[in-house]
Amino acid sequence: MSEEQLDMLGTDLDQIIENLDKLTDDDLKSAWPVTLANLVEVFKAAFARKGLSEKQALELAQHAVVAQAHYMGGREFYLPRGDSLQRALRNMQVWQEFNGRNIDALMAKYGFTRQGIAKILREQRSLARKKVQLPLL
């Protein structure tokens, strides 16, 4: 892929996603850092395991990686794995399912006490607040 072709992708997330179809697997692997190409493969495999066709899985994988790169590109960040990842994803799920009136249902579904659910909700509420508030000096 030439520099001109890369420039055609643009820098706006929507513009990049619109132009993804112009890329071949070889383009991705030669023009993008290896880590991003590997991420495409990881997402593609995950989407394929969910029953998507190879073409659909690749398309969604490319979109997911572009969105990830657009959001996190240029930053160092830590991704947990194993139990820490599972716990974080479970807590996010609890937060997403919480509607203000279903603590008993969440306790039953996830096997937590009321205090356990309350702790998760406090943590997730704090994280959600940090997403929208700028930190004070």
Side-chain angles (χ1 to χ4, degrees):
M1 174 176 282
S2 70
E3 287 295 321
E4 184 177 311
Q5 288 171 311
L6 284 173
D7 289 342
M8 287 174 47
L9 292 177
T11 55
D12 177 66
L13 179 60
D14 291 333
Q15 183 183 10
I16 293 170
I17 289 174
E18 284 176 19
N19 289 302
L20 276 177
D21 294 339
K22 297 175 184 169
L23 296 174
T24 66
D25 279 351
D26 289 337
D27 289 336
L28 285 174
K29 288 180 180 172
S30 66
W32 289 18
V34 172
T35 301
L36 290 181
N38 290 341
L39 276 175
V40 169
E41 293 299 321
V42 168
F43 284 131
K44 178 182 166 187
F47 292 136
R49 283 193 301 272
K50 289 291 189 182
L52 296 178
S53 72
E54 189 164 326
K55 182 180 177 187
Q56 291 171 320
L58 176 61
E59 184 178 322
L60 283 180
Q62 290 172 340
H63 287 228
V65 169
V66 167
Q68 179 72 35
H70 187 77
Y71 181 68
M72 299 296 289
R75 295 190 241 170
E76 289 186 29
F77 61 97
Y78 168 76
L79 284 177
R81 60 187 208 180
D83 290 343
S84 295
L85 176 61
Q86 294 303 318
R87 192 172 31 257
L89 292 174
R90 179 207 57 214
N91 291 352
M92 288 171 48
Q93 188 68 32
V94 168
W95 175 247
Q96 290 172 351
E97 292 177 16
F98 177 64
N99 65 13
R101 301 177 309 277
N102 61 343
I103 288 182
D104 290 337
L106 294 173
M107 290 168 49
K109 180 175 181 178
Y110 291 99
F112 283 110
T113 63
R114 185 171 301 279
Q115 290 79 16
I117 292 292
K119 180 181 177 189
I120 289 171
L121 295 175
R122 269 193 313 274
E123 291 170 354
Q124 294 299 310
R125 186 175 294 115
S126 175
L127 291 171
R129 199 174 294 130
K130 286 178 183 175
K131 285 182 190 174
V132 295
Q133 291 180 342
L134 293 174
L136 297 175
L137 299 175

Do side-chain atoms of Asn99 reach the backbone of Asn102 as a donor and acceptor pair under 3.5 angstrom?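 Checked: pair present.
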
Output yes when a side-chain donor or acceptor of Asn91 lies under 3.5 Å from a complementary backbone atom of Gln124, and no otherwise.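 Such a contact is absent between Asn91 side chain and Gln124 backbone.
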
Does any non-hydrogen side-chain atom of Phe112 lie less than 4.5 Å from one of Arg90?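 Side chain of Arg90 against side chain of Phe112, heavy atoms only: contact under 4.5 Å found.
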
Answer yes or no: is there a side-chain heavy-atom contact under 4.5 Å between Trp95 and Arg125?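 Touching, per the 4.5 Å side-chain cut-off.
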
Atom [atom1] in [X], atom [atom2] in [Y]: separation rounded to 0.5 Å?
{"X": "Thr113", "Y": "Lys119", "atom1": "OG1", "atom2": "NZ", "answer": "10.0 Å"}
{"X": "Phe77", "Y": "Met72", "atom1": "CZ", "atom2": "CE", "answer": "4.5 Å"}
{"X": "Ile120", "Y": "Met92", "atom1": "CD1", "atom2": "CE", "answer": "12.5 Å"}
{"X": "Leu121", "Y": "Leu106", "atom1": "CG", "atom2": "CG", "answer": "7.0 Å"}
{"X": "Leu58", "Y": "Gln56", "atom1": "CG", "atom2": "CD", "answer": "11.0 Å"}
{"X": "Leu52", "Y": "Glu59", "atom1": "CG", "atom2": "CD", "answer": "10.0 Å"}

Going through the distances and angles, do Gln86 and Arg81 end up as a side-chain contact (heavy atoms from CB on, under 4.5 Å)? CA-CA 7 Å; Gln86 294 303 318; Arg81 60 187 208 180; over 6 Å; no

Apply side-chain contact (heavy atoms from CB on, under 4.5 Å) to the pair Phe47 and Glu54, showing each step before the final yes or no. CA-CA 9 Å; Phe47 292 136; Glu54 189 164 326; over 6 Å; no

Work out which heavy atom in [X] is nearest to a heavy atom in [Y]; give both atom names and the distance.
{"X": "Val40", "Y": "Ala61", "answer": "O-CB, 3.4 Å"}
{"X": "Phe43", "Y": "Ala64", "answer": "CD1-CB, 4.1 Å"}
{"X": "Ala57", "Y": "Ala48", "answer": "CB-N, 3.7 Å"}

Distance to the ring centre below 6.0 angstrom and angle to the axis at most 45 degrees; does that hold for Arg101 and Phe98?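 No, Arg101 does not sit over the ring of Phe98.
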
Hey, any chance Tyr71 and Leu79 share a hydrophobic cluster, counting ILVMFWY side chains that come within less than 4.5 Å of each other, even indirectly?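 Result: yes, single cluster for both.
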
Dump the intermediate steps for side-chain contact (heavy atoms from CB on, under 4.5 Å) on Lys44 and Leu60, then the final yes or no. CA-CA 7 Å; Lys44 178 182 166 187; Leu60 283 180; over 6 Å; no

Count the heavy atoms of every other residue, nucleotide or ligand shown that sit under 6.0 Å from CD of Gln96, and state whether that count exceeds 12.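 More than 12 heavy atoms, drawn from other residues, nucleotides or ligands, come within 6.0 Å of this atom.
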
Quick check: are there more than 12 heavy atoms from other residues, nucleotides or ligands sitting under 6.0 Å from CG of Asp83?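 No, CG of Asp83 has 12 or fewer neighbouring heavy atoms, counting only those of other groups under 6.0 Å.
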
